[in-house]
Amino acid sequence: MIQLLQIILFSQLGFSDIYRFSDRDIHLSLGMELQEYLIDFENTQYERELSLTPNLEGLVVPKISYKDLFSLSYAFELPVAENEIYLRGKTKYTDLRFLFNFQNLRINFYYLQYLGFFFENSELISPSYGGTQPEILRPQLYSRSYGGDVTWVKDKATFSLSALTTMVERQESSGGSLLLGASGSESHFENPNEIIPIELANEFGLESALYAGKFQTIAAKFGYGYTYVYEKKWFLGGALQLGPGLTSRELRYLNVDSNNLSEWGVSLRVEGLISLGYNGDVFYWNLNSEMKRDSYFVNNDETTIGLSLLTAGLTFGVHLEEIGF
């Protein structure tokens, strides 16, 4: 009878599906990561889209996490081959990330800085570019982005963001949760002259003279996350969040009377995550891809300026303490 009452009582209280490695404090991992940072311009009237990206070969990302509280990482850039530098230019790059994990709260801070970009679709601008010929380069185009975002997991007993990213927790049965959050960021890019090639000046109107922009944004986020779990340790999960933002923007144009155009506008924040892996008692690994994008609507909404970061990588790690460390 007592056992029956205990079963009924605990079934009403519910059990958590999240295992938090209470006997292990330190989690170490090493990841190989591909990263794509994009500055893109899209004109809806002419249906023309241009994308600029830095020339990065890949990153090595060591990471250390303490319990389920915080994670620190630094990205080391792999060398780029001379032939790739000839085709796509050279990029100077800085990447800093600070991640704080709590049972139902994820706080992420980042700082990204790039010098040197090329057009991904140079051959669409002119057939003489691309292939075995160098892309259209913007070697002095500078971009800096920094900010932070917060995500709150409504039901921490059935879904864990940390189990999909830092893996300092393990979700042991399938489940999901609503996600709520907010983000704040400042992004700035600048070039000595106009960014858009002269061949497409007629298709971008005023934005063809754009050489610099600064965006300060506060956005709300709403979404959902779900993880499918197999035999407690294998998982496939993801999350999607999006929401409106309010942006103070300053755009600068060459040879235009309104050289400094400062105004408030609306923006759209989209965040996505997908992760596949194994989280064992000692060792873990995962394939992970994350995306962040802010879209800014200018020129009476005829032009969209987008800033996005896409990462994809493979990570191997170990939960320390119980194996003699």
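FYI, side chains are in, hydrogens and waters are out, and symmetry mates aren't considered; it's all heavy atoms of this structure.
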Counting only N and O atoms by type, is there a donor-acceptor contact under 3.5 Å from the side chain of T91 to the main-chain atoms of G116? yes

Side-chain touch F119/R138, heavy atoms, less than 4.5 angstrom: yes

Side-chain heavy-atom pair L240, V270 within 4.5 angstrom cut-off: yes

Please assess H188 against E190 for the test side chain to side chain donor-acceptor pair (under 3.5 Å), listing each intermediate value before the final yes or no. CA-CA 7 Å; H188 168 78; E190 185 168 355; 3.3 Å; yes

Flag side-chain contact, heavy atom, 4.5 Å: R293 against L38: no

With rounding to the nearest 0.5 Å, note down the distance linking CG in D155 to OG in S160. 11.5 Å

Would you call the rings of Y226 and Y224 parallel, tilted or perpendicular, taking 30° and 60° as the class edges? parallel

Nearest 0.5 Å please: distance from the CZ atom of F222 over to the CG atom of L242. 9.0 Å

Do E203 and N43 have side chains that approach each other closer than 4.5 Å (heavy atoms only, starting at C-beta)? no

Parallel, tilted or perpendicular: which one describes the rings of Y278 and W234, with boundaries at 30° and 60°? tilted

Heavy atoms, side chains only, cut-off 4.5 Å: are K63 and L28 in contact? no

Reported CG-to-CD1 distance for the pair L52 and I39, which is rounded to 0.5 angstrom: 6.0 Å

Residues L112 and L309: closest non-hydrogen pair is CD1-CD2, 3.6 Å

Report the distance from atom CD of E36 to atom OG of S51, rounding to the nearest 0.5 Å. 8.0 Å

Can you see whether S183 engages K221 through a side-chain donor-acceptor pair at a distance of less than 3.5 angstrom? no

For G148 and Y110 the tightest heavy-atom approach is N-CE2, 4.0 Å

Please determine whether residues F204 and L206 belong to a single hydrophobic cluster, defined as Ile, Leu, Val, Met, Phe, Trp and Tyr linked transitively by side-chain heavy-atom distances below 4.5 Å. yes

Can you say whether the rings of Y93 and Y114 are parallel (under 30°), tilted (30 to 60°) or perpendicular (over 60°)? tilted

To the nearest 0.5 Å, how far apart are OG1 in T53 and CZ in F117? 7.0 Å

Could you see if V298 belongs to whatever hydrophobic cluster contains L200? Use Ile, Leu, Val, Met, Phe, Trp, Tyr and a side-chain cutoff under 4.5 Å. yes

Stepwise side chain to side chain contact (heavy atoms under 4.5 Å, CB included) check, E77 with L59: CA-CA 5 Å; E77 181 182 356; L59 307 170; 4.2 Å; yes

List the steps and the verdict of side chain to side chain donor-acceptor pair (under 3.5 Å) for S267 and D294. CA-CA 7 Å; S267 60; D294 288 298; 5.2 Å; no

What are the two closest non-hydrogen atoms of L87 and L137, and how far apart are they? O-CD2, 4.0 Å

Quick check on ring-ring contact (aromatic ring centres under 6.0 Å, His included): which of F215, W264, F189 does Y296 satisfy it with? F215

Step by step, would you call E194 with Y253 a side chain to side chain donor-acceptor pair (under 3.5 Å)? CA-CA 8 Å; E194 63 273 9; Y253 303 89; over 6 Å; no

What one should report as the nearest heavy-atom pair of M167 and F21 is O-CE1, 4.2 Å

Any side-chain donor paired with an acceptor under 3.5 Å for Y37 and Q35? no

Cluster overlap F159 with V150, hydrophobic side-chain contacts below 4.5 Å: no

Less than 4.5 Å apart, any side-chain heavy atom of R88 and any of V80? no

Tightest non-hydrogen contact, residues R269 and S185, listed as NH2-OG, 4.4 Å

All heavy atoms of I18 vs all of K156, minimum pair found to be CG1-O, 3.2 Å

Transitively linked via ILVMFWY side-chain contacts under 4.5 Å: I107 with I64? yes

Are E231 and K233 close enough for a salt bridge, meaning some N to O gap below 4.0 Å? no

N55 vs K90, side chain to side chain contact (heavy atoms under 4.5 Å, CB included): CA-CA, chis, key distance, verdict: CA-CA 6 Å; N55 187 15; K90 189 173 183 179; over 6 Å; no

Please answer whether the main-chain N or O of A212 pairs with a side-chain N or O of R252 as donor and acceptor at a distance below 3.5 Å. no

Does any part of the side chain of D95, heavy atoms only, come nearer than 4.5 Å to the side chain of V61, both counted from C-beta? no

Option from L273, T166, L105 for which side-chain contact (heavy atoms from CB on, under 4.5 Å) with L161 holds: L273

Indicate if I196 and F118 have the same hydrophobic cluster label, given that clusters are the connected sets of ILVMFWY residues with side-chain heavy-atom separations under 4.5 angstrom. no

Step by step, work out the salt bridge (Lys or Arg N to Asp or Glu O under 4.0 Å) result for R97 and E290. CA-CA 14 Å; R97 313 173 202 178; E290 293 192 60; over 6 Å; no

Going from CD on E42 to CD1 on I305, what distance comes out if it is rounded to the nearest 0.5 angstrom? 12.0 Å

Quick one: are Y66 and I26 in side-chain contact, heavy atoms under 4.5 Å? yes

